[in-house]
Amino acid sequence: MSWASRLGNLGRFSPFAREPPKGPSTVSEADFSYITSDDLRRFDAEAGGQHNDDLGPARDTDVLQLKNNGTTYQVHFPAYSIGKGEVTIGQIRDHAARKIGISNPQRIKLVSKGKTLADDKRTSRQENLSHNAAILCIASEGQGSDDDEEDDDGEYDSPAQDGESTKKKRNRGKKTKRRNKRETQDAPPRPAVAAPTTPLGKLDALRVVLETFIPQCQAFEASPPADPAKRSYEHKRLSETILTQVLLKIDAVETDGDAEARARRKELVRETQELLSGLDAVVKG
């Protein structure tokens, strides 16, 4: 038998040969796979070597709690973007300005856990911010005229029909201004007190300042003004004064690696925040 006759039927008996399909071909949904929204969130969370366990539970958005004058505003960002450092301090400051209603975001001071967030280029991850973190927002007030500040002597007159009451109040304010000026000129000069230079000395001085506000805060909590406008004004005056005169200055104290100073600063921040929380609770209640 020749080799040609032996190889002639190779295609029919070869195990690699394909038989023609029998009947029409059909395609069903089972032949396809789809990418779901859960798959996309899982991919985003695992990008850059981070996993869902590191960034918290599954969620649709990240949230920051912006607090200002007893009011809390929620701002939303893409899920896991805060933990991955995709949100900048400048973006947070812009959101705070829009929520509070201030056109210039640079008038907004951001404070997180006693630390001032001053650099707009730093990211949320660099500042150790996380999902649902609380940030205090302080809006600096515009500069008013001296007459406006000193004319208001704390008394509330009823609206005058002919302008007479307003005129009396304005004159009374001018007299107070002149009297205060004379008392300042006649008062003997105060002796100069050397400012503390060590971290512990600076923290002790700030604690003394904080203690001067405690009686005022306790009085406000025990008997807040019945008028909502006066209550809001008093809350704003106390809270913003404590923030600027104590909390922001605590953040500026450098401990220079001193463990005792670092622990004392942390304790002073905690006490200050508790005092502010008590004021906020009065307004919310």
| note | Using a 4.5 Å side-chain heavy-atom cut-off and chaining through intermediate ILVMFWY residues, the residues clustered with Ile89 come out as Leu64, Leu66, Tyr73, Val75, Phe77, Ile82, Val87, Ile92, Ile100, Ile102, Ile108, Leu110, Leu117, Leu129, Ile135

| query | According to a 4.5 Å side-chain heavy-atom criterion applied to Ile, Leu, Val, Met, Phe, Trp and Tyr, with indirect links allowed, do Val209 and Leu200 form part of one hydrophobic cluster? | reply | no

| field | side-chain hydrogen bond (donor to acceptor under 3.5 Å, both in side chains) between Asp280 and His235, worked out | value | CA-CA 8 Å; Asp280 293 342; His235 168 265; 2.8 Å; yes

| request: Indicate yes or no: at least one non-hydrogen side-chain atom of Gln74 is less than 4.5 angstrom from one of Gln65. | output: yes

| remark: One should read off an interatomic distance between Lys67 NZ and Cys137 SG, to the nearest 0.5 angstrom, of 10.5 Å

| said: Tell me the closest heavy-atom pair linking Asn69 and Ser239, and the distance in Å. | reply: OD1-OG, 4.5 Å

With a 3.5 Å cut-off and sequence neighbours excluded, list the donor-acceptor pairs that the side chains of residues 268-276 form with protein atoms.
unit_1: Arg270; atom_1: NE; unit_2: Glu267; atom_2: OE1; d: 3.2
unit_1: Arg270; atom_1: NE; unit_2: Glu267; atom_2: OE2; d: 3.4
unit_1: Arg270; atom_1: NH1; unit_2: Glu274; atom_2: OE1; d: 3.3
unit_1: Arg270; atom_1: NH1; unit_2: Glu274; atom_2: OE2; d: 2.5
unit_1: Arg270; atom_1: NH2; unit_2: Glu267; atom_2: OE2; d: 2.3
unit_1: Glu271; atom_1: OE1; unit_2: Arg207; atom_2: NH1; d: 2.8
unit_1: Glu271; atom_1: OE2; unit_2: Arg207; atom_2: NH1; d: 3.3
unit_1: Thr272; atom_1: OG1; unit_2: Leu268; atom_2: O; d: 2.8

| said: If you compare all heavy atoms of Phe220 against all heavy atoms of Pro225, which two are closest, and at what distance to 0.1 Å? | reply: CE1-CD, 3.8 Å

| message | Can a donor-acceptor pair be found, under 3.5 Å and without considering hydrogens, that links the side chain of Thr123 to the backbone of Gln126? | response | yes

| query | For Pro105 and Ala97, which heavy atoms make the closest approach, and how far apart are they? | reply | CA-CB, 3.8 Å

| Test item: Cys217 and Ile242 side chains (from C-beta on) under 4.5 Å apart, heavy atoms | yes

| field | Euclidean distance, Leu203 CG relative to Lys266 NZ, rounded to 0.5 Å | value | 14.5 Å

| request: Check the pair Arg231 / Asp227 against side-chain contact (heavy atoms from CB on, under 4.5 Å), numbers first and verdict last. | output: CA-CA 6 Å; Arg231 184 166 62 250; Asp227 184 9; over 6 Å; no

| query | Counting N and O atoms only, with roles assigned by atom type, does the side chain of Gln216 sit under 3.5 Å from a partner on the main chain of Phe213, one being a donor and the other an acceptor? | reply | no

| message | Between Asp120 and Gln91, is the side-chain hydrogen bond (donor to acceptor under 3.5 Å, both in side chains) condition met? List the steps. | response | CA-CA 8 Å; Asp120 286 347; Gln91 292 174 330; over 6 Å; no

| Derivation and outcome, side-chain contact (heavy atoms from CB on, under 4.5 Å), residues Lys284 and Thr72 | CA-CA 10 Å; Lys284 292 178 180 179; Thr72 300; 4.2 Å; yes

| message | Looking at Ser112 and Lys115, would you say the former's side chain and the latter's main chain have a donor-acceptor pair under 3.5 Å? | response | no

| query | Can you hop from Leu279 to Tyr233 via hydrophobic side chains spaced under 4.5 Å? | reply | no

| said: Evaluate Arg93 against His95 for side-chain contact (heavy atoms from CB on, under 4.5 Å), listing each step before the verdict. | reply: CA-CA 5 Å; Arg93 198 184 310 277; His95 279 282; over 6 Å; no

Please tabulate, for the side chains in residues 249-256, all donor-acceptor contacts under 3.5 angstrom to protein atoms that are two or more places apart in sequence or on a different chain.
unit_1: Lys249; atom_1: NZ; unit_2: Gln245; atom_2: OE1; d: 3.4
unit_1: Asp251; atom_1: OD2; unit_2: Thr116; atom_2: N; d: 3.1
unit_1: Asp251; atom_1: OD2; unit_2: Thr116; atom_2: OG1; d: 3.4

| field | His131 side chain to Val63 backbone, donor-acceptor under 3.5 Å | value | yes

| message | Is there a path of hydrophobic side-chain contacts, each under 4.5 Å between heavy atoms, that joins Leu136 and Leu248? | response | yes

| query | Do you know which two heavy atoms are closest between Arg59 and Ala79, and how far apart they sit? | reply | O-CB, 3.4 Å

| query | Between Ser232 (side chain) and Ala229 (backbone), is there a donor-acceptor pair under 3.5 Å? | reply | no

| message | Within the structure provided, determine whether Ile214 and Gln218 are in side-chain contact (heavy-atom separation under 4.5 Å). | response | yes

| message | With a 4.0 Å cut-off on N to O distance, would you call Arg264 and Glu260 a salt bridge? | response | yes

| message | So, taking the atom named OG1 in Thr241 and the one named CG in Leu247, what distance separates them when rounded to the nearest 0.5 Å? | response | 13.0 Å

| Between Ala261 and Pro199, which heavy-atom pair has the shortest distance, and what is it? | CB-CB, 4.0 Å

| task | Indicate the atoms forming the closest heavy-atom contact of Val282 with Pro224, along with that distance. | result | CG1-CB, 3.6 Å

